Amino acid sequence: MTAQTLLDDPLLDSLNDAQRAAVSAPCDHILVLAGAGSGKTRVLVHRIAWLAAHEGISVDRILAVTFTNKAAAQMRGRIESMLNTPSQRLWVGTFHGIAHRLLRLHWQQAGLPQSFQVIDGDDQLRLVRRILKNMNLDEERWPAKQAMWFINAQKEEGLRPQQIKSEGDLFTETHKRVYQQYEEVCQTGGLVDFAEILLRSYELWETQPDILQHYQQRFIHILVDEFQDTNRIQYRWLKILAGASSKLMIVGDDDQSIYSWRGAKAEHIRRFTQDFPSAQTIRLEQNYRSTSVILDAANAVISNNAQRLGKNLWTQGKKGEPITVYAGFNDRDEAAFIVRQIQQWVNQGGERRETAILYRSNAQSRVLEEALLDANMPYRVYGGLRFFERAEIKDALAYLRLIANYHDDSAFDRIVNTPARGIGDATLNALREYAHTYSVSLWQAAQQVCEPLTLPGQTLPGQTQTQETPANQILPKQILPTRAANALQNFLTLILDITSVTQNMALAEQTQYMLEKSGLLTHYRQDRSEKGLARVENLEELVNATHQFTPEFKDAHAQPLTEFLSHVSLESGELEAAEFSDCVQLMTLHSAKGLEFPVVFLSGMEEGLFPHAMSAQKLQQLEEERRLCYVGMTRAMTKLFLTYAEARRLNGREMWQRPSRFIEEIPEEFITKASIKTKIQRPVYTGSRSTHASHNASHHVSHNTNYKASYPDNNANHNSDHEQLPRGRRVRHPHFGEGVILDAEGSGEHMRVQVRFASGVKWLVVNYAKLTVL
DNA sequence: ATGATGATATTTTTT
DNA sequence: ATATCATCAT
């Protein structure tokens, strides 16, 4: 095939020269430096289609790796529609998703039990905390978070405890021991954390040449998105997989590297060109997203960073409006300004969903939310607690995990006394002590401690015979008082019962039975408060989720339960429901990466907040803050606002900060200062003074915004029709008073709404809560 | 076993 | 200001 015919291909029609070069590049390593909004996903997707169509490469020989499930889903969708075939043979997934799949397929060679479980950060922290206690390490001196951070960092560097050199350093030495203990507990419990997934699968390849060879030969093309976010183990993972002959296409942007604080190394981009010298570098510098003013301003800011690969984004698009900088006299004023601007946008025919308010840290959302509520403007905050992270759901999942694997200490620990069944701290401490001393799982420990209650010679299912039973050395009665031993025995029997009864049940029935038999459902039903009701709803929702769950890939040996549990840990996906409603989008700068909006507000542009005080000292960190600023600015398509407050309430204290240095880094020609700098010190008396909708602008600044006081409570209509509750609607609750709907989920009698009352935010079941629409 | 109290620390977060 | 968490008292 000649170069000429290639260039005529319709696959390339819609692409610019650089994109075309990347998509149709010869079969070799390629580095694509893709600026913000330069169409990198497009290039990746087209490249895959190109390989399939022109290089005769079957899609099952291509591996595409992303960082988030969302990106993976998006890519899969686009590939499928482009190739016009639902291709299950194409491997698209996150690093973790793919590595996990490998471990499931080769669990034996990876040294894992078949029913190994993935634990999330929360479970991991609990586990570490328990180990610290076991080791008698003072939490004051050795915080669990720090220990967990250490372990994860080591794993990300590819290190096992034995490989860590402590050189007499107490900090390293101690944490090394904790790591060691942690590893043992995970191994006996068949538990695998996120970092472990990657490290294990890497070690699998490293130690099993035949397996490695199989995958090396299978995947002759590997494409990686957001390459600047790879950590060391991920890079090594890619390198070993590529081997000598597979071709890598990596796509990344060093200027958008904002996760170095959790191990990502943008240097890998440069490293890549050294490790794969034949790699061709292609720069995507044409931006299709922002106006030239926004782009030039962003370029100006990022040019202050010393360590860059170098790249200059440009656009053929319009110059656009200048960037608006607004100085609020305090944080509320700043928020009110933003709301006014959004109202103006909406009045001019814009949609709320087209606007995004970005901030550096989550705490900043509160003031913004209040202003939005005040203006009755629906909004959505990204990044809250996700469904599968809620306590009651984690409880239920722990039961399921324990059923799947009795030796899962993490699960055992969580639910052995939930709901309360008389197994208190004293009992548990004795049990942990025992388990620790004899290096057995909590389950085994419990069985051994309870042993005399079973007849001699009788073995309970789930009991491992290989461990020597120390029961002859220590009389169990001395370990636990009879009452405690009975309670414990009842628990063991309960779990065994659930296991045997549900053995042949479908996942959903099994879950339902477990919820009832375990007493979890009853436990939460007894809590007649709204919270309790919500929890019951959530548990029912869990059953619903198990109903709908279909295993992604069907292995002959795959257990639906195990599959489901992994799915839950790895893809605790957000509920996308609210995406369809027209809401202002609120999120941190970090979570805005990869998104775009016509109108963007970067709020809290103050020294100390952004760049954050904790990151302003070291140059490296400051540069990361600057990249964050760059990411934020380049989210904007047509309008960009930078706002700050001269005074702000932070951690209970009033703070005065200078405007962010990043504002100064933007050339003045791109900036217009919003002039409405408030003379309204006491706006209660002030009439309209700005050019726009001022009745809204005036009352919000009153020092005590009090929802209760400002609205008359007549006209309360007692329509309980649930369809009457869109976000932003004001409602009254007999106990909590007036509030505003923030969110809703479910429908019919299961419908729940989230309401902000003066006393706080609550989830209410519409059917039970006597809400009146105002 | 539960609730009240006090101490403490509050970037960013996916998997 | 607020949320989380351990400790203590009930």
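This one's a predicted model, so the numbers in the text were calculated from it and none came from an experiment.
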Would you mind reading off the distance between [X] atom [atom1] and [N] atom [atom2], rounded to a whole angstrom?
X: A:Asn231; N: B:dT14; atom1: CG; atom2: P; result: 16 Å
X: A:Ile233; N: B:dT14; atom1: CD1; atom2: C1'; result: 17 Å
X: A:Tyr382; N: B:dT14; atom1: OH; atom2: P; result: 13 Å
X: A:Ile197; N: B:dT14; atom1: CD1; atom2: C1'; result: 12 Å

Describe the nucleic acid contact of [X] in one word from base, sugar-phosphate, nothing, applying a heavy-atom distance below 4.0 Å.
X: A:Asn417; result: sugar-phosphate
X: A:Gly422; result: sugar-phosphate
X: A:Arg653; result: nothing

How about A:Phe150 and A:Val178: do any of their side-chain heavy atoms sit closer than 4.5 Å?
no
What I want to find out is whether A:Glu624 reaches A:Arg627 closely enough, with some N-O distance under 4.0 Å, to be called a salt bridge.
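A salt bridge is present here (some side-chain N lies under 4.0 Å from a carboxylate O).
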N-O pairing of A:Asp193 and A:Arg200 below 4.0 Å:
no
Base, backbone or nothing for each nucleotide of nucleotides 3-12 of chain B, written B, S, -, heavy atoms under 4.0 angstrom, 5' to 3'?
-------BBB
State the CD-CG distance between A:Gln617 and A:Leu622, to the nearest 0.5 angstrom.
9.5 Å
Candidate list A:Tyr215, A:Tyr202, A:Phe95, test ring pair (Phe, Tyr, Trp, His ring centres under 6.0 Å), partner A:Trp237, passing option
A:Phe95
Can you see whether A:Asp395 engages A:Tyr524 through a side-chain donor-acceptor pair at a distance of less than 3.5 angstrom?
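The answer is yes; a qualifying pair exists.
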Tell me which nucleotide among B:dT15, C:dA6, B:dT14 gets nearest to the side chain of A:His96.
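Side chain of A:His96 sits closest to B:dT15.
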